[in-house]
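Throughout, protein chains are lettered first and strands after them, A, B, ... in sequence-line order, and every chain is numbered starting at 1.
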Amino acid sequence: MEKMTKPVQLLQGNAACARAAIAAGCRFYGGYPISPSSEIAETMAKLLPRVGGKFIQMEDEIASLAAVIGASLAGMKAMTATSGPGFSLMQEHIGFACYTEVPCVVVDVMRGGPSTGLPTSPSQADVMQARWGTHGDHPAIALCASSPGEVYELTVRAFNLAERLRTPVILLLDEVVAHMYEKVDLGRLAGLPVEDRRKPKGAPGKLEAYAAGEDGVPAMAPFGEGYRYHVTGLAHDSRGYPTQDPAVVETTQRRLQRKVDRCRKEIVSYELLQCEDAEVIVFAYGIVAAAARQAVRQARQRGIRAGLFRAITLWPFPGEELAAAVKQAKRIVVAEMNLGQMTGEVERAVGKKKTVKTCLKANGEAITPDEIFSALQAEDACHA
Amino acid sequence: MLDIQKYLRLEMFPHMLCPGCGHGIVLGALLRAIHSLKLSQDEVVVVSGIGCSSRLSGYVDFDTLHTTHGRPLAFATGIKMARPELTVIVITGDGDGLSIGGNHLIHAARRNVGLTCLLLNNEIYGMTGGQAAPTTPLGKISTTGPTGPFETPFDSCRLVEAAGASFVARGITYEPATLEKLIVAAIQNPGFSFLEIISDCPEFFGRFNRMGNPADQILAQKQNVVDAKTAATLPPERLKGKMLTGILHHEPRPEYAASYQESIAQMGAQAR
Amino acid sequence: MDRYEIRLSGEGGQGLVLAGAILAEALGIQCGKHVAYTQSYGPESRGGGCRSDLVVSDQPIDYPICSQLDLLLCLTQKACDKYWVHLKEGGLLIVDSTRVTRLPSGSFEVCSVPILRTASVKLGREVVANMVCLGVIANLSGLIPREALQKALLERIPKGTEQINQRALEAGYGLTGALTPAMAHAPLP
Amino acid sequence: MESPATQNVLIVGVGGQGVLLASDILGTVCLGRGYQVKKSEVHGMAKRGGVVYSHVRYGTQVLSPTIEPGTSDVLLAFEPAEALRWSKYVKPTGTVIVNTQKRIPPAACQDRRPDALTRYPRGIEQALRSQIEDVRRFDAETLAFELGDLRMCNTVLLGALSRVCEFSAEEWLAAIEKSVKPRTAELNRRAFLAGRSVEFPCAEEPQAEELVFEKREAARDEAPFIEIRQNWCKGCEICVRVCPQNCLVMNGSKLAEVAKAETCIRCMLCEWLCPDLAVSVH
Amino acid sequence: MATTTLTPAKELLSGNEAIARGALENGIRVATGYPGTPSTEILETLARYDAEHYVSWSPNEKVALDVGVGGALAGSRTLVTMKHVGLNVAADTLMSVAYTGVRAALVIVTADDPGVHSSQNEQDNRIYARFAEIPLLEPSDSQEAKDFVQQACEISERFDTPVLLRSTTRLSHTKGMVSLGPIAPPPVLGYERNLAKNVLVPSNARVRHEKVLERSARLREFAEESSLNRWERGSNAVGVITSGMAYQYVKEVLPEASILKLGLIHPLPLDLLRKFAASVQRLLVVEELEPVIEEQLKAAGIAVEGKEFFPRLGEFSPERVRQGFQKAGVLPSPPKNMEPEKGLAVQENLFRPPALCPGCPHSVPYLVLKKLNALVVGDIGCYTLAVYEPLAAIETTLAMGCSIGMAVGLQKGGDGARPIVATIGDSTFFHSGIPPLIDALYNNARITVLILDNQTTAMTGGQEHAGTGKNIRGEKVRTIEIAKLCKALGVEHVQGVDPYDVAAVFRTLKSAINHDGVSVVITNRPCVVSPVTIRTTPYAVNGKECDACQICMNLGCPAIVWTEEIHQGQHKVTIDARTCMGCAVCALLCPTEAIVALANDPARRAV
């Protein structure tokens, strides 16, 4: 308890995530061990009961997210954490949570893949899975941190967005960020605002559980408090009852999209480093952005007008913001620890007039500042 | 006399199950059981998976959760953990609960989390049109086992008992009053309660296997069962090929969510 | 101070992760520097190898991964063989004199000391070799004030083991007592 | 007017109780004495739960094989209601020996409606005593069961009969041995002797009760009302099939319909077994 | 029971046993018949004797008589037995064999059923004797029953005529003392070719009819002298002409009267009767059922009284005969009976109709047919009892083998509103079910024939038949398989079903009913009481679980009765373990776990 209250602490990324979750009001964690995310579960197992929360280790990732959704329906802020293979298993329930509008936070600590891949090595190859891993259409919100301190901040934000918009929010970390220790100023972060889901107004009665107002987000009643409503993964109407009426189905689909779209500005965040006059701008996120920052400094020292666009929100993709940031730049280097998953998004955002190069690495090692520096120098892409 | 309509979402009726589907009988028995336990509608949560049986959750006026295929127990575990005071009832089918959800079933049993799991076994995949299930008896026809499966079906009760459930029972839809009593006993058991209910699928299983109309099928149910108390007194040759019904195993042990809650209290923390 | 990279390497069970954490705590929290501390994980650690990396800087650290080591501690021959190439020009290699017998040569300084034997023979507990390491590193690198290290140590070790760990730390200082930080850069006899 | 020597014994019971074997044995006993014997019965329904009787007449000359009402010396009844049914055949000075174990025919319970008579009366003992003084009632079945086999009941009753007939125990036992399977001879011997040694009255006499056929009482005042929500019913036929009272039928639209509400006994099976929750019994 | 090994001088024999004994003592070599209460035990008794004679069950009475005629023509004394209605079946042969005559004796036993104890009517077969112009003998006790067989044989051979020997239920089933004689080995006269006598082409028949009338004349002469008719002199105030069992009642009730006891009922000894009439002041005929004697006497101009005092309906008894004499003023009227009304009410309410046995395999099919709203055409057999509540499924019962033909007619003439199901037993099917099934097929009827094959002739106590694989002596013989037979006839839809499997019976009957054409369903469970008792572990009711729904009671199983315990206004039930056969059908029907098998039979204890 003493440690929790010390303002500045040396914290591991995963531990920061757990601490932040509790600070954000998370009181339920359901998970299944998988490297390199396990310390989140371990920390939650230790800390949650101390604040009256519940930790449960489920039999697999599918069950984990199911339990999380169940707990959330019962009124608890809830999360799970996993890594690539487990994240794949969770996809169905991410879709379920989207469609049934159950707030929850899913942390994916990315590791080398595909398949079992490189369990203890970093990767960024789940970014598209975070967007398109489920079937069907629905909006996705995914945040990506590049340091333990930011893990803390984004975890809180993930909960806030989930609760505000009644939707699952994905927090993408990578092995390096998850495992590294940094000084984290808990004193400062304690002041981060915490949002809670909106409960229906008035006494329990017949609840039109999925009737939403202007913001497209229905008020959410916890189970067990007399509202007695139905939740189903089937296409449903505003009462929550299954329907196949095309008009009703379409209305719901559009509302789900709209409720996120209209908050896009609040959701999207990014960081710019010396972009104003940059000729070449690195697009990076997560741990790669840390290397990129060093590379940009190196480049500037060598007289290259380099800049960095660090995406913090990956989904919705900060396309407009990127386009604005690279307006004056000639070249964009997309650096990511995969074979170019975000490159397409970047190309789409910046338009055909810009040269988009890549600095890609998918072998389990982190991209180094030198590698990005080389890419900044070179006309051609650097495939590290 | 109980007017069952009190517990129904009337606007959802008539329900979507086929004529004579045994699942509707289970629904009635469940509601009567809840009524006889004097549970308020606000303290009951019904969770179901995917399949015909799992559609039942939509028809009852409680907090209801119709989840994904095979996973209702996991969802329910989250609910029970979050609110141990609620009566959480899980309705699943043989495919949902034993095939895709088999892992969740054994773990829920092992964990002894306080759920009442009603597994409606109609020996086939009904919703998808009559494919072989892990419970399809040897030699019975299905669309994916046109000559009958060669796989031995599960005895779900023995499976779940072995997995550590504190209450295991089996009922049949032809015995609605007995079924009601079994459901009551299952709900009263504080830990994980498993009740397999032999139900009928007239539309597929019955039709494929020439079992006559729904009324024929329901009458045929008792042919295959012996209640456990009687079975204990009968010689083995009379039990050949028979399934046991009634309470097959009841050994209460600490319930997971309550135990967890207690440990929280011991830490001096305040729950929720 | 600009970016300074430290790697502690050896094998599982030698306590190098904890040592790294104490070092990070001491530098980061006690000395107020920026630190980024990472460790090796998973099969690598079970396979025998163990590594913990620390980046220290007065400025915020852009990139948290070690690539050009200022200080490399190796408690096994295998670790030494694997990592010495990452040593920066003019860097410092500290090895255990009993386990590392084939020393690499390059434009760095090497310090070979009986860390493990000191722990097992002198202190009677081989598990405290990590604290001996910390003493050696603190003494030779001159990065960390003694008090900061002691405080960080108390912060991180299990209760009841303070005395033996403190003694081990002192032993580490003692092992290289003759060598001043300045001298550390001189080749040892 | 009839031959004073002719003795009449009427043995009555229910199919399956062994009435005919008992009368055979009595006939054999009489034959052994060199008496004329006639023994009359009607086969056919004997195994079908129906009434079984056997007239046994013996003496120096026997004409009619059947006994006239009011002239039987002994009525050996294997069942109380049968004793009552045949009691008018017994002389007022005659003897009734009756096994007290009832065989209530299902037909007596068939009418399940309120107000229906249960067609098996109470107060049989009293009614018998009002006609005949010497009524010897005892639980022959329990005695037989305790000896090891319920089916020995008829031999136990013969033992009781032997106390009012002129023949010696030896004569009876010889006839029994001739008539039964060798395997059961010893058991039959014991059963006979057990019946013979019963002293009357052998047990506490029941309270005097008026002979009465009870009316069934309705469980509730209002008549049952079966409601079928036709728009919920899918016509699976289960309710029609299970209704023990056949209240329900399938109508022209192949949906369940109430045909005979008045016969409903509120057993609830239709409601409980309706998969569509379309049936309510109020 | 009569035994063969020890033959004491006297034995207690029933009328039927006595007839059998008579047959043995008089060299009967061929004995055939079809089971029918109250005639059945005659052949059964004969079959138990280990002698040279041929005994057989035929599929029906006509076949039995045909066999008998053949036996007689072959030169063997022959006995053919049947119940009264059986003679209707055999009447075709009877009427003509009366013309051809016999070679060796042909004695036909007709066992009538006054009082309709176990039949569909109470016809008086004495009339057949007049109809066919053949002699009829009527014994009045077991001794006579035996003795009359001898007389019948002698008359038959002396007058070259078949002879009817009439019994009644009371005679057949009453045991009396019989003096036994030696058993004679049956002689064989040998066959004699005689086309003019044995081939009834019209030209021969006309001649034979003449011979019949000649024979009758000779028989009438014989009757006047025969010792079969006995004048018992008594008071001349009242003379009573009587026969058979009625004779015993008359003797019992009016011992002092003058009695002319007739043993030969046809032809009547009219001269003797005139003499008797003249000897008494008042002449009464006491005859059971039809006024056969009375009318002939009146026709002959003899003044008699009879049916105005003695009922035409039902069986006689001493009290009914007494009442007749009272009515006639021969005996003083009795004092008014005390409280007859109360007594009547008790009798009416003491309800114990015969029912299908516990474990009877017929129950479920009728339970099902009722639920299927079928128009069930019944036949003759145990299953006729399914007419009673609660099964109450059968809507017609007429005569042997009628069901299938009637079903065809009901379908052809009906509105098609209800499925038409003929239900017929295995023995009855062999008896006379096959030709109508052929009719149904031939004329493309849309009916279902449910053959309740319990592998015995159950109603009469478990006789073998063509489908059981055994003959009357219990020897293994060819089995006529009903299913194969039906298929061979061309029935396309033939299904077997286990009648204890309620669902299967529903399923099978429904599919049969839905078949467009003739469908046959055959049940496969044996009778549980005949010829052997099939009793497995009994079932019991766990009163705690019983919901008093009474669904089990719909089986009409005698083992299931109410208890005193009431649940929701209804009696809970219990099973009488003494009578339960363990068929388990009630347990299958029970919608709770209330009906359970008992591990140990409580009715029996280890001895």
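Contact annotation for D/Glu79: only side-chain heavy atoms (C-beta onward) come within less than 4.5 Å of a heavy atom of chain E. Of the two parts of D/Thr118, only the side chain, counted from C-beta on, holds a non-hydrogen atom closer than 4.5 Å to a non-hydrogen atom of chain E. Looking at D/Cys30, neither its backbone nor its side chain comes within 4.5 Å of chain E, counting heavy atoms on both sides. Using a 4.5 Å cut-off between heavy atoms, D/Val240 contacts chain E through its backbone alone, with no side-chain atom that close. Residue E/Thr579 touches chain D through its side chain alone, counting heavy-atom pairs closer than 4.5 Å.
Closest approach of E/Met177 and D/Leu31 over heavy atoms only: SD-CD1, 2.7 Å. Considering all non-hydrogen atoms of both residues, E/Pro558 and D/Pro106 come closest at CA-CG, 3.3 Å. Contact record, D/Ile265 with E/Cys549: CD1-O, 3.6 Å, taken as the closest heavy-atom pair. Counting all heavy atoms, side chain and backbone alike, E/Leu350 lies closest to D/Pro121 at CD2-CD, 3.7 Å. Scanning both residues, E/Lys371 and D/Arg241, for their nearest heavy atoms gives CE-O, 2.9 Å. The two atoms that bring E/Lys175 and D/Asp24 nearest to each other are NZ-OD1, 3.1 Å, heavy atoms only.
Under the 4.5 Å side-chain criterion, counting only non-hydrogen atoms from C-beta, D/Leu269 is in contact with E/Ile551. Between D/Met268 and E/Gln568 there is no side-chain heavy-atom pair separated by less than 4.5 Å. Residues D/Pro65 and E/Met245 meet the side-chain proximity criterion, which asks for heavy atoms closer than 4.5 Å. D/Thr66 has its side chain within reach of E/Tyr249: a pair of non-hydrogen atoms, C-beta onward, lies under 4.5 Å apart. At least one side-chain heavy atom of D/Pro244 sits less than 4.5 Å from a side-chain heavy atom of E/Asn554.
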Q) Are E/Glu11 and D/Lys178 close enough, and set up right, to give a salt bridge (charged side-chain N to carboxylate O under 4.0 Å, His left out), and what steps lead you there? A) CA-CA 13 Å; E/Glu11 215 172 275; D/Lys178 251 170 92 177; over 6 Å; no

Q.
Determine whether E/Met553 and D/Cys109 satisfy the following criterion, side chain to side chain contact (heavy atoms under 4.5 Å, CB included), listing intermediate values before the conclusion.
A. CA-CA 9 Å; E/Met553 291 203 81; D/Cys109 319; 3.9 Å; yes

Q. Checking side chain to side chain contact (heavy atoms under 4.5 Å, CB included) for the pair E/Arg352/D/Glu82: CA distance, chi angles, key distance, verdict?
A. CA-CA 9 Å; E/Arg352 201 184 295 279; D/Glu82 292 310 305; 2.6 Å; yes

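To the nearest 0.5 Å, the span separating OG on D/Ser40 from CG on E/Leu171 amounts to 9.5 Å. How far CD of D/Glu41 is from OG1 of E/Thr174: 7.5 Å, rounded to the nearest 0.5 Å.
Chain E forms the most heavy-atom pairs under 4.5 Å with one residue out of D/Pro69, D/Ser87, D/Gly70, and that residue is D/Pro69. Of the residues considered (E/Lys370, E/Lys251, E/Arg170), E/Arg170 shows the highest number of contacts with chain D, using heavy-atom pairs under 4.5 Å. Among D/Arg103, D/Met250, D/Met152, the residue with the largest count of heavy-atom pairs under 4.5 Å with chain E is D/Arg103. The residue among D/Gln36, D/Glu141, D/Lys88, D/His55 with the most heavy atom pairs within less than 4.5 Å of chain E is D/Glu141.
Salt bridge absent: D/Arg112 and E/Glu389 never bring a charged side-chain N and a carboxylate O closer than 4.0 Å.
Under a cut-off of 6.0 angstrom, the local environment of CD in D/Glu257 is crowded, with over 12 non-hydrogen atoms contributed by other residues, nucleotides or ligands.
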